[in-house]
Amino acid sequence: STTDAKVTFVNGPSADIGGSVMVVYCSTRSGNQCGGNCTVYNGGATCLNAPNTNCLMATADVAFCSGKSCATPCNGFNACGTRLNNNFCFTPGTNSIVVPFV
């Protein structure tokens with residue numbers, strides 16, 4: 001709400017077991033804000049193609065990976081090194097995101 005952002009909404013596959021996870025991932029960090037081009041995913045377990053992602057937030061402990069197709073190395077959202085406003089995490093170099101079963 002405090003940054004200019006272009007937002008795209010993506011509904012993912014429903015999880016037969018477990019629930020949905022919401023992930024918001026964006027291209028730009030400005031100070032403690034996350035913005036730029038943002039995508040909102042809400043769905044079940046999957047691997048998200050997320051090139052040029054610099055910050056994200058999630059409702060579960062997703063893994064953000066520098067490799068394409070969720071290839072390692074990856075880091076866990078709950079172990080975020082640099083927290084930003086509104087529960088976002090600074091995730092430079094992210095190219096894919098692992099959404100877990102919840």
Side-chain angles (χ1 to χ4, degrees):
S1 65
T2 59
T3 186
D4 291 334
K6 177 184 174 190
V7 179
T8 303
F9 293 90
V10 178
N11 288 327
S14 298
D16 291 334
I17 301 172
S20 291
V21 175
M22 185 173 70
V23 183
V24 181
Y25 50 103
C26 304
S27 62
T28 305
R29 173 191 176 184
S30 179
N32 280 332
Q33 299 293 344
C34 190
N37 292 319
C38 299
T39 301
V40 178
Y41 171 84
N42 192 21
T46 193
C47 174
L48 297 173
N49 181 33
N52 304 314
T53 294
N54 279 298
C55 46
L56 65 87
M57 68 79 61
T59 58
D61 190 19
V62 301
F64 51 96
C65 308
S66 60
K68 295 179 182 179
S69 301
C70 297
T72 58
C74 300
N75 295 292
F77 177 72
N78 287 351
C80 175
T82 304
R83 291 281 175 193
L84 306 175
N85 292 347
N86 300 312
N87 199 35
F88 277 85
C89 179
F90 182 45
T91 61
T94 296
N95 287 300
S96 57
I97 302 167
V98 178
V99 180
F101 285 105
V102 291

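Bear in mind the structure is a predicted one, so any value in this text is a computation, not a measurement. No hydrogens, no waters, no symmetry mates; every other heavy atom, side chains included, goes into these values.
- The line from SG of Cys26 to CE of Met57 is 10.0 Å long, rounded to the nearest 0.5 Å.
- Checking side-chain atoms of Ser27 against main-chain N and O of Gly36 turns up no donor-acceptor pair under 3.5 Å.
- Using modelled atom types, no side-chain atom of Asn95 and backbone atom of Gly67 make a donor-acceptor pair closer than 3.5 Å.
- Hydrophobic clustering, with ILVMFWY side chains joined whenever heavy atoms are under 4.5 angstrom apart, groups Met22 together with Phe88.
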Check: Can you check side-chain contact (heavy atoms from CB on, under 4.5 Å) on Arg29 and Thr91, steps first, answer last?
Finding: CA-CA 9 Å; Arg29 173 191 176 184; Thr91 61; over 6 Å; no
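- A distance of 4.5 Å separates CG in Asn87 from CZ in Phe77, rounded to the nearest 0.5 Å.
- Tyr25 is not listed as a side-chain neighbour of Thr94, based on a closest heavy-atom distance of 4.5 Å or more.
- In this structure, OG1 in Thr82 is found 7.0 Å from CG in Leu84, a value given to the nearest 0.5 Å.
- The structure places OG of Ser30 at 10.5 Å from CG of Asn85, a figure rounded to the nearest 0.5 Å.
- Counting only heavy atoms from C-beta outward, the side chains of Phe64 and Thr53 never approach each other to under 4.5 Å.
- Under the 2.5 Å SG-SG cutoff, Cys55 and Cys89 do not qualify as a close cysteine pair.
- Closest heavy-atom contact between Cys34 and Leu56: SG-N, 4.3 Å.
- Cysteines Cys70 and Cys65: SG-SG separation is not under 2.5 Å.
- The side chain to side chain contact (heavy atoms under 4.5 Å, CB included) test with Thr46 singles out one residue from Val23, Val99, Ile97, and that residue is Val99.
- Distance check, rounded to the nearest 0.5 Å: OG1 of Thr28 to CG of Asn37 gives 7.0 Å.
- The backbone N or O of Asp61 lies less than 3.5 Å from no partner atom in the side chain of Asn78, so there is not a single donor-acceptor pair.
- Placement of Val102 and Tyr41 within a single hydrophobic cluster is found when ILVMFWY residues are connected by side-chain heavy-atom separations under 4.5 Å, directly or transitively.
- Residues Ser96 and Ala71 approach most closely at OG-N, 4.3 Å, considering heavy atoms.
- In this structure, Ser66 contributes its side chain and Gly93 its backbone to no donor-acceptor pair below 3.5 Å.
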